[in-house]
Number of protein chains: 2
Amino acid sequence: MLDHGGDLDLAQQRFAGRLEDWIDLSTGINRQPYPLPQLEPRRWGALPSRADIAQLHEAARLAYGTRAPIMALAGAQAAIQLLPRLSAPGQARILVPSYNEYAGVLRAAGWDVAEVSTLEDLAGADLAIVVNPNNPDGRRHDPADLLALASKVGRLVVDESFADAAPELSLACEAGRPGLLILRSFGKFYGLAGVRLGFGLGSDADIAALAAQAGPWPVSGPAIAIGRCALRDRDWAAATAERLGSESLRLDDLARAQGWSLVGGTALFRLYDCGDAMAAQAQLAAAQIWSRVFAGNAGWLRLGLPGDETEWTRLAAALAC
Amino acid sequence: MLDHGGDLDLAQQRFAGRLEDWIDLSTGINRQPYPLPQLEPRRWGALPSRADIAQLHEAARLAYGTRAPIMALAGAQAAIQLLPRLSAPGQARILVPSYNEYAGVLRAAGWDVAEVSTLEDLAGADLAIVVNPNNPDGRRHDPADLLALASKVGRLVVDESFADAAPELSLACEAGRPGLLILRSFGKFYGLAGVRLGFGLGSDADIAALAAQAGPWPVSGPAIAIGRCALRDRDWAAATAERLGSESLRLDDLARAQGWSLVGGTALFRLYDCGDAMAAQAQLAAAQIWSRVFAGNAGWLRLGLPGDETEWTRLAAALAC
């Protein structure tokens with residue numbers, strides 16, 4: 001398994017403390033989750049029905065502002081696992097630095113994978129991958145530029161796992177065009193990553209192919225019920241986007257006082273250059289706060305947002321040590 | 001999507017009634033589910049950790065009586081979806097009649113699929129599929145015969161989705177041998193099909209290949225917590241196996257009084273020849289009881305077991321109409 005952040009038990013093994021005492025800021029998962037709705041017994045007991053799944057899809061279309069063909073999967077990660085099978089292996093290009101699963105999954109399935117650093121370098125690929133806004137550096141791409149790119153590649157995958165709080169970046173409304181596939185994550189913005197829910201939005205052919213590969217019932221009954229309820233709640237989404245936006249600036253203030261410089265970020269995480277990231281990670285871990293470092297860049301530390309005032313206070317105290 | 005039973009909303013559309021008034025006997029899912037344990041917030045909010053998954057695997061090994069390499073997936077179906085990728089496409093043979101997903105999934109992935117009617121006819125296949133005990137006819141195979149067969153095929157997959165109440169049939173204790181892959185379902189016996197949980201047990205190489213194809217986090221946090229708790233509860237499993245065993249005989253008595261003959265079954269479902277299965281299905285559906293018919297056999301009706309005395313009474317009344 002690649003390094004992803006979020007594996008708090010490894011932090012606990014290295015730095016001690018009880019698991020429940022740790023604050024996990026190593027991911028970009030919202031720590032003020034959507035309140036769980038009451039779940040009917042049939043959500044646990046019965047296989048999800050076609051009607052259940054159709055209702056979830058409608059809620060997701062509402063949230064993402066699209067009428068495109070859509071398919072619920074067990075997280076955006078589940079869509080990534082199926083990507084290599086949407087066409088015969090060829091050349092894939094990934095705009096990096098970015099989420100590290102793409103390269104591994106594609107190479108394992110026989111794709112030739114090139115990592116490139118500009119959008120222009122993606123042109124000509126059989127399969128091009130862009131995360132927008134990007135993880136871990138928050139880099140943003142104009143949807144018009146991505147649409148223009150789509151016509152120059154075999155298939156363009158836009159991973160919008162962190163786009164809930166930046167809807168102006170989303171190409172979901174353009175999904176349905178041949179050769180454009182949008183991936184969405186449910187668990188990050190809604191703070192419910194354990195539920196395992198995400199979506200693919202794309203052409204009829206691509207969505208049918210994803211559905212055939214995933215098989216019946218790829219998503220649990222509770223995930224369907226929770227996802228439907230949360231995705232229809234546009235008031236919660238708007239309030240949460242606003243809260244995360246202002247709290248990410250609060251985190252930047254703390255980091256600046258530390259002498260760290262902002263590399264970039266989204267409303268769900270921030271990436272700082274703090275000179276010696278391993279030392280900064282160890283300093284926070286001594287106070288049972290977990291963060292993410294990157295093998296490729298010794299200065300980079302990624303932090304998610306604390307969930308409440310108690311967590312903000314602990315973070316400020318840990319940084320003041 | 002193939003016909004599977006369990007799609008109660010289709011029954012409701014055809015025969016009316018409110019969804020919550022229907023008794024779904026069209027599947028082999030236990031209608032007295034394992035009581036849900038309290039779920040900590042982190043099960044919903046956080047990504048499952050390696051330690052969480054390892055504990056689930058240990059519980060499953062305990063339940064299935066094995067020390068073999070194991071991999072949790074989102075239902076036995078999720079393992080079926082990955083089967084075609086464990087080796088290059090060749091000739092697959094499936095002992096039929098059986099679960100209809102195997103042939104479709106393998107053919108879609110380029111396998112040459114033959115359906116055969118005796119165990120002996122499986123010998124020589126690159127990939128052989130046996131469901132034990134079988135769905136829908138309850139046919140049982142001696143584990144020794146299956147072990148002997150394993151040495152005569154490239155890979156033998158034994159689907160033990162209905163073996164929880166018949167542990168004497170299980171080859172889980174032999175899993176780990178190269179070329180033998182066992183699939184287990186959690187949701188049927190534990191009555192929690194909506195949770196989406198199942199397991200593959202096999203050689204190190206096969207389990208590593210399944211894990212690579214499935215990617216990180218294929219199973220939800222709640223599924224991990226519930227599965228771990230339920231699979232460790234061997235008292236509940238023993239009591240449930242006994243209850244299901246005696247209640248399946250009770251169902252046979254009802255059917256016999258109807259003039260139906262038992263084709264076979266497991267502790268979770270029974271298959272009857274009732275002459276005109278469509279008429280029998282319609283008779284039960286008029287009382288909002290859903291059952292399963294089979295395109296290939298006009299006489300066959302499959303019934304799961306009612307969950308409580310109210311349901312038994314409604315079934316008896318519907319049959320008496």
Side-chain angles (χ1 to χ4, degrees), chain A residues 1-2 4-10 12-13 19-20 24 27 29-31 33 36 39-52 74-75 77-78 80-81 85 101 104-105 108-109 187 191-197 211-226, chain B residues 1-2 4-10 12-13 19-20 24 27 29-31 33 36 39-52 74-75 77-78 80-81 85 101 104-105 108-109 187 191-197 211-226:
Chain A
M1 192 157 147
L2 295 173
H4 292 100
D7 231 328
L8 203 54
D9 47 353
L10 297 186
Q12 185 202 8
Q13 283 163 28
L19 198 62
E20 56 271 32
D24 189 3
T27 76
I29 300 166
N30 176 7
R31 289 179 66 80
L36 290 176
L39 294 170
E40 310 149 273
R42 76 175 179 91
R43 300 295 187 175
W44 301 99
L47 290 167
S49 71
R50 290 171 176 84
D52 293 335
Q77 180 68 42
I80 294 173
Q81 297 295 137
R85 301 192 206 304
E101 281 284 341
V105 166
L192 294 168
V195 165
R196 309 310 302 134
L197 181 62
Q213 296 283 347
W217 322 298
V219 170
S220 74
I224 290 171
I226 294 166
Chain B
M1 191 157 148
L2 295 173
H4 292 100
D7 231 328
L8 204 54
D9 47 352
L10 297 186
Q12 183 202 11
Q13 283 163 29
L19 197 62
E20 56 270 32
D24 189 2
T27 76
I29 301 165
N30 177 6
R31 290 180 66 79
L36 291 177
L39 295 169
E40 309 148 276
R42 75 176 180 93
R43 299 296 188 175
W44 301 98
L47 290 167
S49 72
R50 290 171 174 86
D52 293 334
Q77 179 69 41
I80 295 173
Q81 298 295 138
R85 304 196 199 300
E101 282 285 339
V105 166
L192 295 169
V195 165
R196 309 310 302 133
L197 182 61
Q213 296 282 347
W217 323 298
V219 170
S220 74
I224 290 171
I226 294 166

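Everything numeric in this text was worked out from a predicted model, so none of it was measured. Protein chains get the first letters and strands the later ones, always in sequence-line order, with residue 1 at the start of each.
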**Item:** Sidechain-backbone polar pair: B:R196 side chain, B:Q77 backbone, donor-acceptor under 3.5 Å
**Value:**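 It does not hold such a pair.
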What part of [X] lies closer than 4.5 angstrom to a heavy atom of chain B: side chain, backbone, both or neither?
X	value
A:A78	neither
A:L19	side chain
A:I29	side chain

Determine whether [X] and [Y] make a side-chain contact, defined as any pair of heavy atoms from C-beta on separated by less than 4.5 Å.
X	Y	answer
A:L8	B:L47	no
B:D9	A:D52	no
B:E101	A:P216	yes

Against chain B, work out which of [options] has the most heavy-atom pairs shorter than 4.5 Å and name it.
options	result
A:S220, A:G221, A:G45	A:G45
A:I224, A:L36, A:I80	A:L36
A:R85, A:R42, A:R43	A:R85

Sort [X] into side chain, backbone, both or neither according to what part of it lies under 4.5 angstrom from a heavy atom of chain A.
X	value
B:Q213	both
B:A109	neither
B:A211	neither
B:L197	neither
B:V219	backbone

**Message:** Would you compute the distance between atom CZ of A:R50 and atom CD of B:Q13 and round it to the nearest 0.5 angstrom?
**Reply:**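 With rounding to 0.5 Å, CZ (A:R50) is 9.5 Å from CD (B:Q13).
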**Prompt:** When only pairs under 4.5 Å are counted, which of B:A51, B:A74, B:P41 shares the most heavy-atom pairs with chain A?
**Reply:**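 Ranked by heavy-atom pairs under 4.5 Å with chain A, first place is B:A51.
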**Asked** What residue in B:P222, B:A223, B:G215 has the most heavy-atom pairs under 4.5 Å with chain A?
**Response**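 Answer, by heavy-atom pair count under 4.5 Å with chain A: B:G215.
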